[in-house]
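As structure tokens, the structure follows; a few thoughts come after it.
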Protein chains: 2
Amino acid sequence: MPVYNPPLRDMQFLMHEVFSVTDEFKAIPKYEDVDAETINAVLEEAGKFAVEVALPLNVSGDTEGCTLDIKTHEVTPPKGFKQAYAQFVEGGWAALSCDPAYGGQGLPFVVNQCLYEMLNSANQAWTMYPGLSHGAYESLYAHGTDAQKKLYLPKLTSGEWTGTMCLTESHCGTDLGMLRTRAEPQADGSYKLTGNKIFISAGEHDLAANIVHLVLARLPDAPKGSKGISLFVVPKFNVSEDGAMGSRNGIYCGGLEHKMGIHGNATCQMVLDEAVGSMVGAPNKGLAAMFVMMNAARLGVGNQSLGLTEVAFQNALAYAKDRTQMRSLTGTKAKDKPADPIIVHADVRKMLLTAKAYAEGGRAMSIYCTLLLDRELYHPDEKTRKDAGEIVALLTPIVKAFLTDNGHISTNACLQVFGGHGYIKEWGMEQFARDNRINMIYEGTNTIQSLDLLGRKILGNNGATLKKFGKLIAALIAEEGVNEKMAEFINPLAILAEQMSKFTTEIGFKGMQNPDEVGSAAVDYLRVAGHLMFAYFWARMAQVALREIANGNTDPFYTAKLQTGRFYFAKLFPETAMLMRTARSGSSALMDTEAALA
Amino acid sequence: MPVYNPPLRDMQFLMHEVFSVTDEFKAIPKYEDVDAETINAVLEEAGKFAVEVALPLNVSGDTEGCTLDIKTHEVTPPKGFKQAYAQFVEGGWAALSCDPAYGGQGLPFVVNQCLYEMLNSANQAWTMYPGLSHGAYESLYAHGTDAQKKLYLPKLTSGEWTGTMCLTESHCGTDLGMLRTRAEPQADGSYKLTGNKIFISAGEHDLAANIVHLVLARLPDAPKGSKGISLFVVPKFNVSEDGAMGSRNGIYCGGLEHKMGIHGNATCQMVLDEAVGSMVGAPNKGLAAMFVMMNAARLGVGNQSLGLTEVAFQNALAYAKDRTQMRSLTGTKAKDKPADPIIVHADVRKMLLTAKAYAEGGRAMSIYCTLLLDRELYHPDEKTRKDAGEIVALLTPIVKAFLTDNGHISTNACLQVFGGHGYIKEWGMEQFARDNRINMIYEGTNTIQSLDLLGRKILGNNGATLKKFGKLIAALIAEEGVNEKMAEFINPLAILAEQMSKFTTEIGFKGMQNPDEVGSAAVDYLRVAGHLMFAYFWARMAQVALREIANGNTDPFYTAKLQTGRFYFAKLFPETAMLMRTARSGSSALMDTEAALA
């Protein structure tokens, strides 16, 4: 059974020592009273909840899965999930970063992100029940009418009701323009929705009294394709204007998907049979409204893999210290034991450090990005908001794809540390790898993320946003470029930053001649961009660690941070050399292959 | 439900056009009558068996799994497995490459390897039941007494009985020197074995009348460690000298492992309670005898991933042609459809071609290696046998680790092609990824393979064997280096061959100073060696394809081969640049990390 120790020290290091979040918050009226003590106390309690309530249900939830009563269409999640959710609601965790106007606690998103990292480490499948509500909340918060807000936001805030995103249909996932669910306007201003959705996470369950479905559908007169999609809010139980729950609405679970992982979450086929809904946002502008929740969801998915990377690392580390097998190549280390603990072996250390470096780099990126989200939404200065929003938009596909691919690499490396035991369910390691596998797919596959990054966010504005991020890198290089101790962290960053600029221009030019050049390079490009940012965050973390050590701080945390940073630059960062080479090899090796793919 | 089309054309291409196996066989008396027609006819029938009998049980076997009756200790595999095995035995497939002296058909190993590739594509879990028997057969064939051979080999040959390898115990897998199972000598020359084994594939089932366990154990006076291990043959039912089956022996299944994949195979905890066995080979020389079956098993494991890579590719290709989603970046391709088939997208093609290039390169390596095994065992000339044996020893860890890692990459890429549907069990794609995951672990983890390659097979003889393989590469370069059309295949091979020689020397020198340098570089080194060999095989395949095209052959197979080869060199081979860089970054980034891994 896996163990988990919330990485509070690393979260505090990033928030307070690297990114100075409370300085940031002082400039944001909404957050000006949020101090370090509050944040730390909240996260300590959050960690306890993750360990004590969510973690014990992870393996059992995977083994048990969800069950559907096909007569009543009711879904029962694994044992304990309902009780854990009740404790979550009771503890006020659902409300953490919601608006006080609707009963929320008004804490910054960055704190909520840390809460969710820990919940994901403990139990990704369970965490998706409350997690999905945030997308519905954000979407209604940004695009809902006053009446919709009044009706739904307090209940989503408290967690009494949960939310879903009903987008995918069996014939369309990426290409939502093809969706067929119809919404017929009614005389009273409502709509009746009919159609079939698949892959609806937390689509049906007994954790909450009501489920607020955000559904994409077409109006009768809608234009074809993605310009004819509207967004609707469709509750499981109809709600009267005074908030009272009424009759069962015509939206129900027609089947549960049998999946590789996240067995504890109910992934539902949803049938809409004249389900009553109201429109969110403007007619035929549903995709824009949906993207509010989609962008939040993408950051959330990256955070899922961050959580799995961390917990997989912790368990593999514990196992590697405990399991004895063979002797060190440099001679016996544990003379009192029949063999050395396997952590003495170089490649075991490499697998462990891969997960550790990806977890800590990912946490830096996740916290940084969410902090910018707080700035984007609530900073008083418009230009600051706009600048922050641009970087968030740039980072979102990277957080989603880079962190989930790294989660795949890391959970599999940590599974491998266990040898044959890693393949056995009871140890829990193979579950981390299976649960993580969906993260590379849902909320836009990682290929889609790479096209969003390279096509829209980078080439779409001629690299302007990338240049903004480049300025942060340049400032760090200017600040630390003469510091000899920082050379091992700054030099590779500086080299890649320069290469990246040329690399981007190159692809841009080639892409103008032949758009398939962009499609061919995009996945490689995203990983290079991810490493550029990780290198930047690792340099900033090393900067703080070196400063503390120079000031006489003997906390081994800082030495550990430097060692992990050195590992990152020695063993993971060099992937960029390969990626730029394969990207530059162009599209013909992929596209001129009619015979090979016949 | 997955489909499968046996890759007979590619097997024939490799055997007859690239490696000219029948010329090879003419020099081996045992095989001199084996002609191309026979091989092709046998493999065509083998393909039918795989598709018609083994494939339909793959998804159901995964869903159903095995059940243990804890009272009788009997294990029931999934429905249909027993009947399929009976058909396998009836068809004579178990006997294919066994010695006619024991009722075998005496066909070359290379033919058997192709049979098993197809069986693994169709159903890895089922294939392990007959597959494990080969290790037991080889081990008894090489080290058994005449009486043991007479008793067991005819039954293993016919397939009436199956075999197992009982090595691992809960506290030792890699480090077999620590094993504890005891073997007490009896007055009649037999032994009574007592102990516990885990992870025993096909350890108990009802497919065969008897199960022949090859068990590692210690004699009472055995030296400590790996020099005190002996090998025993322990049948499920005792067998009298006349071959009649007698009483139930004290070896039984105490529990089934719950695993990530290969659910259809019974992975057993085996309890030995004074089980009667006889010794195979000399006392305390059990590891040497065991390595006969282990080496065969390692080639078999590489072959498992080859099979999964191929079948994953075929299904992803079919899906990519069928599934419509979005338009091509270069404009609409399928005007009659609401969207283009996803095969128009560059990254989808990259995922497909990755699996295809790894499957075809892997098949070349697997067939080449098994052909050398035939040469090693049966060529009349001693020096030829010895040379072949050295190359087989060099290739074995590469076949095991490189092909299984490539299987991981490929099955996951093919799963990704399906988007969300890849995560759903019914499509079968996630099963390929789960089934493949064990191949990187069992029969020696891939880290162990890399240490075997670099430490023993390369540095252990100062690179002499690598130089022998290098001569084959040099000969090809000399032959084709002036052929302009071959430049794109020959040049990267020539460059890497030169780098490899320097790279090896470098690690050798560093390793003499500090053995951890070998441990740190080994995994990267193995993948570079794998690519060197794949580059060689791809160049040889391209050579044949170019020759055929030059001769006016219009079979699109040859164009496909060239396109896939170009893809390999453009998109997969560049990994070597990264691997040499990370290997060269040395051991300190891994070993000087006490604080980071505290």
Side-chain angles (χ1 to χ4, degrees), chain A residues 173-175 178 199 257-260 317 325-326 329-330 338-339 343 345-347 349-350 352-353 356 419-420 423-426 430 437-438 441-442 445 447 515-516 518-520 523 556 559-560 563-564 566-567 570-571 574-575 577-578 581-582 585 587 589-593 595-598, chain B residues 173-175 178 199 257-260 317 325-326 329-330 338-339 343 345-347 349-350 352-353 356 419-420 423-426 430 437-438 441-442 445 447 515-516 518-520 523 556 559-560 563-564 566-567 570-571 574-575 577-578 581-582 585 587 589-593 595-598:
Chain A
T174 298
D175 197 353
M178 290 163 74
F199 300 166
E257 307 287 1
H258 306 107
K259 311 180 300 286
M260 184 183 198
L317 177 64
Q325 207 81 174
M326 312 297 282
L329 293 180
T330 56
I343 199 169
H345 304 302
D347 191 59
R349 299 176 85 91
K350 186 178 178 185
L352 294 170
L353 287 160
K356 185 176 170 74
Y423 201 68
I424 304 298
K425 283 185 180 287
E426 284 81 353
E430 59 87 39
R437 192 63 189 80
I438 190 59
I441 299 172
Y442 61 13
T445 67
T447 300
D516 276 333
V518 174
S520 302
V523 167
T559 308
Q563 289 173 347
T564 309
R566 283 185 194 116
F567 167 82
K571 303 292 183 186
E575 190 189 358
M578 169 186 77
R581 192 161 147 188
T582 52
S585 72
S587 69
L590 301 175
M591 305 312 291
D592 300 344
T593 52
L597 296 178
Chain B
T174 298
D175 197 352
M178 290 162 73
F199 299 166
E257 308 287 0
H258 306 107
K259 311 180 301 283
M260 184 182 198
L317 176 64
Q325 206 80 174
M326 313 295 283
L329 293 180
T330 54
I343 200 167
H345 304 302
D347 191 58
R349 299 177 85 91
K350 186 179 177 183
L352 293 170
L353 287 160
K356 185 176 169 74
Y423 202 66
I424 303 300
K425 283 184 179 288
E426 283 80 354
E430 59 88 38
R437 192 63 188 80
I438 191 59
I441 298 173
Y442 61 13
T445 67
T447 300
D516 277 334
V518 175
S520 302
V523 167
T559 308
Q563 289 173 347
T564 309
R566 284 185 193 115
F567 167 83
K571 302 292 183 185
E575 189 189 358
M578 168 187 78
R581 195 163 144 187
T582 53
S585 72
S587 69
L590 301 175
M591 305 312 291
D592 301 345
T593 51
L597 297 178

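Every heavy atom of this structure was used, including side-chain atoms; hydrogens, water molecules and symmetry mates were not. Chain letters run A, B, ... following the sequence lines, proteins first, then strands; residues in each count from 1.
Most heavy-atom pairs under 4.5 Å with chain A, from the set Val518(B), Leu352(B), Leu317(B): that is Leu317(B). With chain A as the partner, the residue from Leu329(B), Thr593(B), Val523(B), Ile441(B) showing the most heavy-atom pairs under 4.5 Å is Thr593(B). Among Ala577(B), Pro338(B), Gly519(B), the residue with the largest count of heavy-atom pairs under 4.5 Å with chain A is Gly519(B). Ranked by non-hydrogen atom pairs under 4.5 Å with chain A, the options Thr564(B), Leu353(B), Asp516(B), Ile343(B) are led by Leu353(B).
Atom CE of residue Met591(A) and atom CZ of residue Arg349(B) lie 5.0 Å apart, to the nearest 0.5 angstrom. To the nearest 0.5 Å, atom CG of residue Asp175(B) and atom CD of residue Gln325(A) are 5.0 Å apart. Rounding to the nearest 0.5 angstrom, the gap separating the NZ atom in Lys350(B) from the OG1 atom in Thr582(A) is 5.0 Å. From Glu257(A), atom CD reaches atom CD1 of Ile424(B) across 4.0 Å, with rounding to the nearest 0.5 Å. With rounding to the nearest 0.5 angstrom, the OG1 atom of Thr559(B) is 12.5 Å from the CG atom of Asp592(A).
For chain B, the nearby part of Phe199(A) is the side chain; its heavy atoms alone come within less than 4.5 Å. Both the backbone and the side chain of Lys259(B) have a heavy atom closer than 4.5 Å to some heavy atom of chain A.
If you check the side chains of Ser585(A) and Lys571(B), you find a donor sitting under 3.5 Å from an acceptor.
Met260(B) is linked by a side-chain contact (heavy atoms from CB on, under 4.5 Å) to Leu415(A), Tyr423(A), Glu430(A), Ala433(A), Arg434(A), Arg434(B), Arg437(B), counting only residues two or more places apart in sequence or in another chain. The side-chain hydrogen bond (donor to acceptor under 3.5 Å, both in side chains) search around Glu575(A) returns Arg527(A), His531(A), not counting sequence neighbours.
With contacts defined as side-chain heavy-atom distances shorter than 4.5 Å, the pair His345(B)/Thr447(A) does not qualify.
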